[in-house]
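The structure appears below as structure tokens.
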Amino acid sequence: MKFNSVEFFIFLFLVFGILWRFNKSLKINNIILLVASYIFYGWWDYRFLFLMFFSSVVDYLVGYYMPSSKNRKLLMGISLSVNLGLLMFFKYFNFFLESAHDLLHNFGYQGGFTTLNIILPVGISFYTFQTLSYSLDVYKGKLKPQKDFIAFLNYVSFFPQLVAGPIERAKAFLPQFLSPRVFSYPQAVLGMRLLLYGIFKKMVVADNIGLRVDAIFAQPNQHTGLELIFGLSLFAIQLYTDFSAYTDIARGVAKMLGFELMRNFRTPLFSKSIPEFWTRWHISLTTWFRDYLFIWLAGINKKSLSWRIISTILLFLIIGFWHGANYTFIVFGLLNGLYFIPRILSRKSQKMRSLLSFLNNNSLISKPVVLGNFLILSFTGVLFRSNDLSHASTYYQAVLNQDFFGLNDFILAILPLSLGFMIFEWYNQKKSHPFDLDGYPTWLRRSLYVIMILAVFLFGYFGTEPFYYFQF
Amino acid sequence: MKQFLKKTWPYVFIGIAYFLIGEYLLHRLNETTSIKEVARIQSSSKKELYYGRQVLGNSLPLYKYTLFERLQPEVLVVGQSVTLQFRDFVFEPFQDNFYNAGLMIRNLADLNYLADLFEQGEIKNPRFMLIAVDLSFVLKKTFLDEYSLEFDRPEDRALNAKSHLQGTQKLMLDAKLRELPLQNWGFGKAGMMGRGYRNDGSYRHLPEIERYLIDSTYHDGNLIDRLKNRQAPFIVPFEYDPEKAKRTMGVLDRFTKLGIEILLYIPPYSDAFFNQAMEDTLFSGFWKEYMSFQQELSDKQYAIIEFTTPSRMGLDDRFMVDAEHPGEVMSALQLKKYCDENRQTPSFLHHLKFTTLDSLLQQENTLPISFLKDSINLRFKSKEK
């Protein structure tokens, strides 16, 4: 069930009503929530439910037996094998098979091969990481195992964030299923506001931009250099608005149901450097990798600067690969890793430190730096959007080779909306959320709500465009 | 909770009110009739009815498949849009047991699926099939291969809430669309406007006919520009795929083994387009191989209406709807010519009479682009006089 579908709104209306109506018993409330989450997920394909249930049961049992077990490493190994195994099989099996075939082909192997017709279960990259974090925390002794099976199943399957995050940590999220929930008017209002903002961002901004981006990326050779630069910049905005819209809706719905989800974005497109960008973009994923992989990896040789660079590049290669089984994501990860080198060098070079500090803090230069950083992100994002490396290469070449000037009306028409949106976010970036309207006069707030609702109906995209991150 | 509901209700009401207004408008324009219902009425009615939705969209492969499944005709036409001008009366006396399923099958995989359906007995075998083997069946890369009748059949947009919201959006933003249709029969506004799919599955090109009556010259439809700009269907690599050609023959064999008599159809191009296109090395390189494929089919004893252009038939480009779509008169003449020259195979063709066709060809109202046979065209007949 997609957030931007009519079914979802009917579903949400029912869940909201039933959940608060039967809020007298926490156990019943949790069971209702679990049923709702499984209906939500099974709406895509009921077969995916078995997979999620299996993954949940494995981690519940691993956690359950971990404290009393003499063989904790074995249990952790089971959790890692099951979760990463599922991910590898469903997401990467064909990629590895094809890559092996291509490699053998280069060495003269002429035989054929068969790929499996595997459907990627929606959200598998997100919920496997969530369950894995639970087992890892229990293993490290940071978290006590959860005995309440229903609460644990809810932790894995909580429908607002199941499909595209935020990837919640058990420590902050699981306790929310264990204490009685009380309806809070300000929370519910804030939830509705986030929901409206998310829907507006997705249907009006992201999807309308996406139509242009699709057209430009489909035939890069048919566009001028300027259109191609707009195309890649628009894609960066599309990706941000699309993904952050999902998070806004997830957080909004969670609030309406009495839950708190972590913030996943802090206006990342206004970052002054790539390292800063990664602290503001998909925060739940980057902190996951930092806590469970990077700290361990970098700790192997703390004193060596080169090892720090290597481990950072390795980290971003993995982050890139997490996004999908395609060489484009690997190169995307590699580039992002390389962008970290100046900051790593600044740890030991005073000159580098001064330069970075100047770029970040000088009031005259910091805004052009934001723009420059945005362009670097956008150019790198071509890899993220392209079907394969050759497609990305065609795009980059076309930027240089095509006639530069000229902008067609179809692309031009989206610029006021894109710019208007970015300006709105720029002025609200310091707030707890860009759509935090506290302090606005009531009439203005209400007018904004009505305008946004009408804008969704009149200018929203009602096609079948899914959220971009669903593919991961 | 009460306070929350009280405060949010007006905003929810805006959404509900908008939805209800939209539903009223869509219903008023006959856009909401489901395909199942359209198929039920079209398949049982003798009245001319045109299916076409301008606001919600046609869900075309589903529409065609629903009628095909319902009718399970003895005479079946399949292929891309180039087949859509084969009309029922051309296959006299089988006009009541005929269906033109043009655009139901979009690629080789779909054709293969059709063979599966016949083999598994899910659909009764037709006696005779006319199959258009256009260039997409042997092209290495074509967007048409992304469609799948088996796995990705479009849903009926009349039954999809999101499509209704999309339709309402169009109606709200374009006042012209809200005008009520002049006729009170047919389906959807597109049908009323004259574009649409007839009961026999063929397609009615009213705007092109209207244009022809004002200015009876040939219109290319920008195909030559698309070739120059390497746009669909001429997207690079515009290459012949021998593997695909082999697979196409394999699927055709399956129909033959089922005892279905087949007549293959290599669609024509207008002279204006074809002559210019042959000067383009990309096109001519591919064309040479495509014609070898046609020869190969012929050598394998497949009955085949070979590639032609209007001038090769003693006609001119006005018999084409555009550069790649033959008009209904030309399509009928192509079939008749084939029968006159090769009536022995397939044997089914022995049964065809062409009485209605011959009589229509004699009528002075018949234009190169159209027989002007539909009653809705009567006003044009008077104009012509």
Side-chain angles (χ1 to χ4, degrees), chain A residues 1-2 4-10 12-13 16-17 19-21 23 112 117 119 182-193 195-196 199 203-204 207-208 218-219 221-223 255-256 258 394 442 445-465, chain B residues 1-23 25-26 55-57 59 109 141 143 146 148 150-155 157 159-175 225-226 228-232 234-237 243:
Chain A
M1 205 181 293
K2 295 173 195 160
N4 53 340
S5 67
V6 177
E7 299 95 285
F8 176 73
F9 280 89
I10 296 168
L12 179 62
F13 176 77
F16 180 78
L19 212 64
W20 290 117
R21 173 73 184 79
N23 194 31
N117 186 18
I119 308 168
V182 183
F183 182 81
S184 152
Y185 172 75
Q187 279 286 87
V189 168
L190 193 55
M192 281 289 271
R193 203 182 281 166
L195 177 67
L196 176 60
I199 289 290
M203 294 179 70
V204 180
D207 287 349
N208 279 308
Q219 288 179 302
N221 288 324
Q222 303 289 327
H223 294 275
K255 274 182 194 294
M256 287 167 69
T394 308
T442 310
R445 254 188 295 138
R446 288 183 181 166
S447 309
L448 263 177
Y449 297 151
V450 173
I451 289 168
M452 285 172 82
I453 291 169
L454 290 176
V456 167
F457 281 124
L458 292 175
F459 306 109
Y461 177 72
F462 286 95
T464 51
E465 201 70 19
Chain B
M1 176 65 100
K2 270 184 188 168
Q3 192 194 2
F4 175 74
L5 294 175
K6 215 170 127 185
K7 285 271 168 77
T8 50
W9 167 244
Y11 305 109
V12 176
F13 178 76
I14 292 173
I16 293 172
Y18 175 90
F19 185 74
L20 291 176
I21 293 168
E23 281 308 291
L25 291 171
L26 288 170
V55 182
L56 289 187
S59 311
K141 193 179 168 191
F143 72 94
E146 288 165 22
S148 171
E150 183 179 9
F151 299 111
D152 193 19
R153 207 172 293 174
E155 56 183 336
R157 295 172 73 88
L159 304 177
N160 179 295
K162 212 168 168 183
S163 299
H164 280 226
L165 285 171
Q166 198 174 23
T168 304
Q169 190 183 58
K170 281 188 199 170
L171 290 169
M172 294 292 178
L173 296 177
D174 188 347
D225 289 337
R226 277 170 25 213
K228 281 178 192 161
N229 297 327
R230 304 296 187 240
Q231 289 169 319
F234 310 107
I235 291 167
V236 179
E243 269 304 306

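Within every chain, numbering begins at 1; the chains are lettered A, B, ... in the order of the sequence lines, protein sequences first and strands thereafter. The figures that follow rest on heavy atoms only: side chains count, while hydrogens, waters and symmetry mates do not. Remember, predicted model here, so these are calculated numbers, not experimental data.
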So for B:L173, is it side chain, backbone, both, or neither that comes closer than 4.5 Å to the heavy atoms of chain A? side chain

Counting only non-hydrogen atoms closer than 4.5 Å, does A:F9 touch chain B with its backbone (N, CA, C, O), its side chain (CB onward), both, or neither? neither

Under a 4.5 Å heavy-atom cut-off, does chain A meet the side chain of B:K170, its backbone, both or neither? neither

For A:E7, is it the side chain, the backbone, both or neither that has a heavy atom under 4.5 Å from a heavy atom of chain B? neither

Is A:F457 close to chain B through its backbone or its side chain, or both, or neither, when contacts mean heavy atoms under 4.5 Å? both

Could you look at B:T8 and say if it's the side chain, the backbone, both or neither that has a heavy atom under 4.5 Å from chain A? side chain

Contact part of A:I453 toward chain B, heavy-atom cut-off under 4.5 Å: side chain, backbone, both or neither? side chain

Check each atom of A:L454 against the heavy atoms of chain B and say whether the ones under 4.5 Å are side chain, backbone, both or neither. side chain

Relative to chain B, which segment of A:V6 carries a heavy atom at a distance below 4.5 Å: side chain, backbone, both, or neither? side chain

So, the part of B:Y18 with a heavy atom under 4.5 Å from chain A: the answer is side chain

Minimum heavy-atom distance between B:Y11 and A:V450, given as atom pair plus value: CE2-CG2, 4.0 Å

Using the test salt bridge (charged side-chain N to carboxylate O under 4.0 Å, His left out), find all partners of B:R157 that sit at least two apart in sequence or belong to another chain. none

Where is the tightest heavy-atom contact between B:E155 and B:N160, given as atom of each residue plus distance? OE2-ND2, 2.7 Å

Going by the side chain to side chain donor-acceptor pair (under 3.5 Å) test, which pairs reach into residues 445-455 of chain A, not counting sequence neighbours? A:R193-A:Y449

Between B:H164 and B:L159 the two heavy atoms that sit nearest each other are NE2-N, 4.3 Å

Which heavy-atom pair separates A:F16 from A:M256 by the least distance, and what is that distance? CE1-O, 3.3 Å

What is the minimum heavy-atom distance between B:M172 and B:I21, and which atoms define it? CE-CG2, 3.6 Å

